[in-house]
Amino acid sequence: MNQLPLADLDAFAAVAAARSFRKAARLRAASASALSEAVRRLESQLEIRLFNRTTRSVTLTDAGERLLERLRPGLAGIEAALEAVHEQGDEPAGRLRLNVPGIVAREVLPPLACRFLVEHPRVSMEVTTNDALVDVLAEGFDAGVRYEEALHQDMIAIPIGPPRQRSMTAASPDYLSRRGVPTVPADLMRHDCILHRFDSGRIVPWEFQEDGREIALHPAGRIISGNVDMELAAAIAGIGIVHTFEEFLAPAIADGRLIPILSEYDLWFSGPFLYYPSRAFMPGPLRAFVDFIKADNRDRERRLRHNGEAG
């Protein structure tokens, strides 16, 4: 058998990870036809089918699964070697691909990402916003950010951003004057509420802390939206009550457009985590970002201790 071209093997691995020629092409900034041709050459040389293709899906054959399992360590080592070639001394270079939920993309990541990119001018960053749980490797990302309940057990996870967050409930002064102020979470079942729907189709329940336990409510939705800006606009206009991250509500509460309600029942929870696969050869940009986040966490802890001692 002739030596297999590395580029064709790399194309095969990309399509296998994405389970789609088109998705792999987008991630690799290549054409789907070029990847398809590379896989056809590989199958022809090996004289075996590597993928089962239909108009709806692309799945690995048993032979394809075996080949991918053998290829992964070698390709990871090659990727790390190429990253090292591009680095000058200890300075990382290349692209960092992150997948993060909407709250993190809007409120947590921007200041961290900007400081990181200023410190590392040879690193670029690609951020995809997605509220669903994602297999970062299979989707072509270096790392993801999610909350504790959504983390895979086989991933390394470190805190990123605020160590604690909370969900809050609020409504406009006009709405509360017309409909009255709820005094316990159960009262919300008799009110117009503004609900959030994830991309997956799941409607987010409203969670509270009551009598030392967590409760989840599913109130009726006057509006159901997947866009937090629309939800906030509806609440400010007096359409109904909104329940979401404190960070989203804070500006409107500060200027009086919204009034917090049921504050004694607010649910506090752990902040987000950066998660990434445990592997021997981390890409330079990811390694630098992990070190940056760890240093930021240490600085925050020192500031908190200093403020506590000063107080």
Side-chain angles (χ1 to χ4, degrees), residues 99-109 129-134 144-153 155 157-172 175-176 179-236 238-254 257-275:
N99 186 292
V100 306
I103 175 67
V104 172
R106 181 168 172 168
E107 302 291 339
V108 176
L109 187 60
T129 302
N130 187 334
D131 286 308
L133 183 62
V134 171
V145 177
R146 288 297 182 274
Y147 285 84
E148 192 169 17
E149 70 276 7
L151 294 174
H152 286 306
Q153 294 301 310
M155 291 284 176
I158 62 172
I160 179 172
R164 296 187 75 212
Q165 292 179 273
R166 64 172 167 168
S167 53
M168 294 182 66
T169 313
S172 72
Y175 178 90
L176 295 175
R179 299 293 302 275
V181 180
T183 58
V184 296
D187 290 345
L188 294 168
M189 305 303 289
R190 298 188 294 274
H191 279 266
D192 293 332
C193 296
I194 300 165
L195 308 183
H196 182 82
R197 188 196 300 273
F198 283 136
D199 292 339
S200 65
R202 185 173 73 93
I203 296 176
V204 181
W206 289 15
E207 297 179 321
F208 300 90
Q209 188 83 24
E210 185 175 28
D211 297 328
R213 61 189 178 89
E214 294 182 15
I215 61 171
L217 298 178
H218 295 270
R222 179 81 189 281
I223 289 181
I224 301 174
S225 167
N227 182 281
V228 70
D229 292 316
M230 180 174 180
E231 295 156 28
L232 290 173
I236 292 168
I239 304 300
I241 297 173
V242 66
H243 178 86
T244 188
F245 286 92
E246 176 184 8
E247 290 85 351
F248 288 151
L249 298 175
I253 289 175
R257 290 175 296 163
L258 291 177
I259 296 175
I261 59 175
L262 301 172
S263 297
E264 63 270 35
Y265 299 99
D266 288 346
L267 178 67
W268 288 86
F269 47 89
S270 297
F273 289 81
L274 176 73
Y275 72 102

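Note that these values count all heavy atoms, side chains included, but never hydrogens, waters or copies made by symmetry.
Heavy-atom contacts from other residues, nucleotides or ligands closer than 6.0 Å to CE of M189 number more than 12.
For the pair S172/I236, no side-chain contact is recorded, criterion being any heavy-atom separation below 4.5 Å from C-beta on. Side-chain atoms of P272 and Q165, non-hydrogen and from C-beta on, do get closer than 4.5 Å to each other. Looking at heavy atoms from C-beta onward, E231 lies out of side-chain contact with F248 at the 4.5 angstrom threshold.
Residues H191 and G180 share a closest heavy-atom pair of CE1-O, 3.4 Å. When all heavy atoms of R179 and R190 are compared, the closest pair comes out as NH2-O, 3.1 Å. When every heavy atom of L188 is checked against every heavy atom of P182, the shortest pair comes out as CD2-CG, 4.0 Å. Here the closest non-hydrogen pair linking R106 and L232 is NH2-CD1, 4.4 Å. For V145 against V100, the heavy-atom pair with the smallest separation is CG2-CG1, 3.7 Å. Shortest non-hydrogen contact noted between L249 and T169 is CD1-N, 4.4 Å.
From S225, atom OG reaches atom NE2 of H196 across 7.5 Å, with rounding to the nearest 0.5 Å. Interatomic distance, I194 CD1 to I223 CD1, rounded to the nearest 0.5 Å: 5.5 Å. We find the OG1-CG distance between T183 and L262 to be 7.5 Å, quoted to the nearest 0.5 Å. Atom CG of D131 sits about 9.5 Å away from atom CD1 of I103, to the nearest 0.5 Å. To the nearest 0.5 Å, the span separating CZ on F273 from CD1 on I158 amounts to 10.0 Å.
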Just distance, no hydrogens or angles: give the donor-acceptor pairs under 3.5 Å from side chains in residues 203-213, sequence neighbours left out.
none

Atom pairs and distances, donor-acceptor, side-chain atoms in residues 214-222, under 3.5 Å, two or more places apart:
none

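Although no hydrogens or angles enter the test, the distance criterion places a donor-acceptor pair under 3.5 Å between the side chain of R146 and the main chain of N99. Judged purely by atom type and a 3.5 angstrom limit, D187 has no side-chain atom pairing as donor or acceptor with the backbone of V181. Of the possible donor and acceptor atoms, none in the side chain of R257 sits under 3.5 Å from a partner among the backbone N and O of A235.
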